[in-house]
Amino acid sequence: MTFAIHGLAVARGIAIGRAVLVASSRVDVAHYFIEPSQVESEIDRIRIGRNAVVDEILRLQASLMNKGPREAPHELTALLDVHLMLLQDVELIAGVKHWITHRLYNAEWALTTQLEVIARQFDEMEDEYLRGRKADLEQITEKVLRAMNGVASAVVPAPARTVRKKSQQDLLLDDTVDVPLILIAHDLSPSDMLQFKQSVFAGFITDVGGKTSHTAIVARSLDIPAVVGARLSSQLVRQDDWVIIDGDAGVVVVDPSPIILAEYGFKQRQGELERGRLSRLLNTPAVTLDGQKIELLANIEMPEDAPGAVKAGAVGVGLFRSEFLFMGRQGKLPNEEEQYQAYKRAIEGMQGLPVTIRTVDVGADKPLDKALMDGAHLNPALGLRAIRWSLADPAMFLTQLRAILRAAAHGQANLLIPMLVHASEIRHTMALIDRARVELDNRGVAYGPLKIGAMIEIPAAALTLKVFLKYFDFLSIGTNDLIQYTLAIDRADESVAHLYDPLHPAVLRLVAGTIAEGRAQGKPVSVCGEMAGDVSLTRLLLGMGLRSFSMHPAQILAVKQEVLRADTSKLAGWAEQVMSDDEPALRMARH
Ligand code: PEP
Ligand code: MG
C-alpha cells in the first residue's frame, strides 16, 4: 500500500530505489558491491567469522562446565545456548546468503541487512522474552563482524556500481541487482554521512535532523536527493521496499503505485534536463545585468572535494570545513604534517584559485567522535565549540595554525575563524597566530601569507562589528548559526524546524547590517551559510549589497542563473522594503 512520510527537504532531486535500512550504530560497516565471481568467497568470509564466534562460545561453555555451578550461573549458560542457537538460525543464514548472492552485497553489509530484517520481526513480537532476544542477536552480529575483521577480505572492494538507467516499468518488475538503493537510518552523524561520498546509495532518509544540521549539509554536498526529519521512516519502511525521495518537497513515498512511479519518473527526467540546461552556464562569468561582478565560491568538507569545486565553476573555496579532518578518528587528532598535507592538497586542487580554510569547528552536532558524546553538556550548541574549543587547547590550535600557514606557501590561502564573539577571544586568537609564525620561524620552516577573516554567526558579533573590522581582513556570515542563535532554534532539531526562518526580520537586519558595514569599511563580506546557495534568496542578498556567495558546488550554476537575470540597481530598494516588512516572506512571495 502506498503511503507518504513528510520530512524536511535537504538535497534537491528525485531518487527512486529500494530501501536499505541501516541501524545508526552500524553505518560504518563497509557497503560495497562484489563481483558475481566473488559470491562464494564472500559467503566463506561470513562462515569463517561465524565459526570463530561459535568456537569462542563453545570454549567458554567448556570452561564454565569445569568450574561447577557456583561460578557458572544458570543464566549465563542459558544465554550462551541462546547465542549458539541464533548463530545457527536458518533465517539469518539464508538471508545473508540471499543478499550476497542476489544483490552482490559484501559480507558485512549482507549480515547487517539481515540483522535489520530479523530485528524488525523481534520488535513486532508480543512475548516480552522473545522481544528481548533482539539484543542477543545484535550482540552476536557484532561479534561476527568483529571476527570477520580479522579475516582478510578475499575481495577488493569493487568501485561503487553505476546504476543503469531503467524505465519505470522495469523498475517495478525488477528483482535484479541493478537498481538504485536508498539508505534509511534513524540518524546519521556528519562523519557517517561523509563516508557515503562515492557510495552505492542514490539517496538518504533519516528520521531526525534539521535542514541546516551538519548531516543535512554533508548530504547536500553529496548532491543526491535526501530528506531528514522524516520521523519514524526507519520504522515504517521495510528492508527492500520501493521508495521515492522527493528532495525538493521533503516527501518520501513508500511502495508507490505504477501511476505515482510514472509521475515521479517524469519529474526525475525534468530535473535531469534542467541540470543539462544549467551546465551551459559553466563558463559564463557571473555578472548581473547592470554589470556587477559576483563571486561564486564553493563550500568543501575534504581536500578531495576541491577538483569538483573547480569543475562546478567555483572561483575559489569560500569555506573549507576543516573539522571533517578531525572527526571519526576515535579522538586521535591529525598531527601537523597530516593537516599540512591535507590543506596543501586542497590548495593545489583549486589550481591557483583562493582557498579559505576555517579552523576546526567541532562541538554541538559535530562531535569529534560519536562514542565521545557523553550527554553531559546540556546545551552543546552554546558550549565549548569552534574557536572556544580551539582556545581551550592552545597546543592543538597552534598545530592547526602552523599547518595552515605552511600550506599557504603553496597558493592563495585565507584563514577563517568560527564563532568569535568577544574582543578578548579575537586578541587571544591573533596572539596565537603570531606565535604559530614565530614557532615556524624558529624551526626554519617556510610558510605563506594569509588573509585572516572572522565568521559572523552569533548575533552579538553582528551587533559589534567595529571590533571585528579593526582586526580582520574580511568577514564571512555563517547564516546557519546566525539564524540558530538569533531565533533560539536548534538547527539540528526537526521538532522546531518550522521556526528556523532565514526571512525573519531580525535575521535579515543582522545579515544586511553586516554586509553594509563591511562594505562601508572596504572589507570584503561573503555569506557561507546555506542561505548563499538558496536560489530563492539570491536576489534579496544581491539587493542587500552582497557580492560574494559561498555554497555547495552543486548549487553554483542555479545561483549563477539568478545572478545573470538580476539588476542590482533595482533590487536595492526592493530589499529595503522586504526588510522593513513585518512578514518579509509574504512580500517575497508577491514579488
Ligand atoms: C554557518 O554557521 O552558517 C556556517 C557556514 O558554519 P557551519 O554550518 O559549519 O556551522
Ligand atoms: Mg557555523
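Given the structure is predicted, the values throughout are model-derived calculations rather than measurements. In listed order, ligands and their atoms are each counted from 1. Hydrogens, waters and symmetry mates play no part in the numbers below; they use all other heavy atoms, side chains included.
Less than 4.0 angstrom separates some heavy atom of C528 from each of these atoms of ligand 1: 5 (C). Taking every heavy atom of D361 and a limit of under 4.0 angstrom, the matching atoms of ligand 1 come to 10 (O). For ligand 1, the atoms lying closer than 4.0 Å to a non-hydrogen atom of R321 are 4 (C), 5 (C), 6 (O), 7 (P), 8 (O), 9 (O). Each of the following atoms of ligand 1 lies closer than 4.0 Å to a heavy atom of R491: 2 (O), 7 (P), 8 (O), 10 (O). Close contacts of ligand 1 with D481, meaning ligand atoms under 4.0 Å from a residue heavy atom, involve 1 (C), 2 (O), 3 (O), 10 (O).
Aromatic pair Y343/H410: ring centres not closer than 6.0 Å.
With a heavy-atom cut-off of 4.0 Å, M531 does not touch ligand 1 at all. Only the side chain of M455 comes within 4.0 Å of ligand 1, counting heavy atoms alone; its backbone N, CA, C and O stay farther away. Proximity of R385 to ligand 1, defined as any heavy-atom pair under 4.0 Å, is confined to the side chain (atoms from C-beta onward). Under 4.0 Å from ligand 1, the heavy atoms of I217 that appear belong solely to its side chain. The residue I477 has no part lying near ligand 1, judged by heavy-atom distances below 4.0 Å. Contacts between L319 and ligand 1 below 4.0 angstrom, taking non-hydrogen atoms only, involve the side chain exclusively.
At a cut-off of 3.5 Å, with distance as the only test, a side-chain donor of H552 or E530 sits close to an acceptor on the other residue. A donor-acceptor contact closer than 3.5 angstrom links the side chains of Q400 and S322. Side chain to side chain, S548 and E295 meet the donor-acceptor criterion of an N or O pair below 3.5 Å. Inspection of the T356 and N414 side chains reveals an N or O donor paired with an N or O acceptor under 3.5 Å.
Among all non-hydrogen protein atoms, the one lying nearest atom 6 (O) of ligand 1 is R358 NH1, 2.9 Å. With hydrogens left out, the protein atom closest to atom 7 (P) of ligand 1 is H214 NE2, 3.2 Å, a heavy atom.
Distances from the Mg ion (ligand 2) to the N/O/S atoms of D481 are shortest for OD2. Minimum-distance N/O/S atom of E457 relative to the Mg ion (ligand 2): OE1.
Residue E457 has at least one nitrogen or oxygen atom sitting less than 3.5 Å from a nitrogen or oxygen atom of ligand 1, judged on distance alone.
At a cut-off of 2.8 Å, D361 is not counted among the residues with an N, O or S atom near the Mg ion (ligand 2).
Cation-pi geometry between R406 and Y340 is met: under 6.0 angstrom from the ring centre, within 45 degrees of the axis.
A salt bridge does not link R587 with D582: none of the charged nitrogens is closer than 4.0 Å to a carboxylate oxygen. At a threshold of 4.0 Å, the pair R277-E274 counts as salt-bridged, since one of the basic side-chain nitrogens sits closer than that to a carboxylate oxygen. Residues R402 and E439 are paired through a salt bridge, judged by an N-O separation under 4.0 Å between the basic side chain and the carboxylate. Note on R220 versus D223: no salt bridge recorded, every NZ/NE/NH1/NH2 to OD/OE distance being 4.0 Å or above.
Around the CZ atom of R275, the shell of radius 6.0 Å holds no more than 12 heavy atoms that belong to other residues, nucleotides or ligands.
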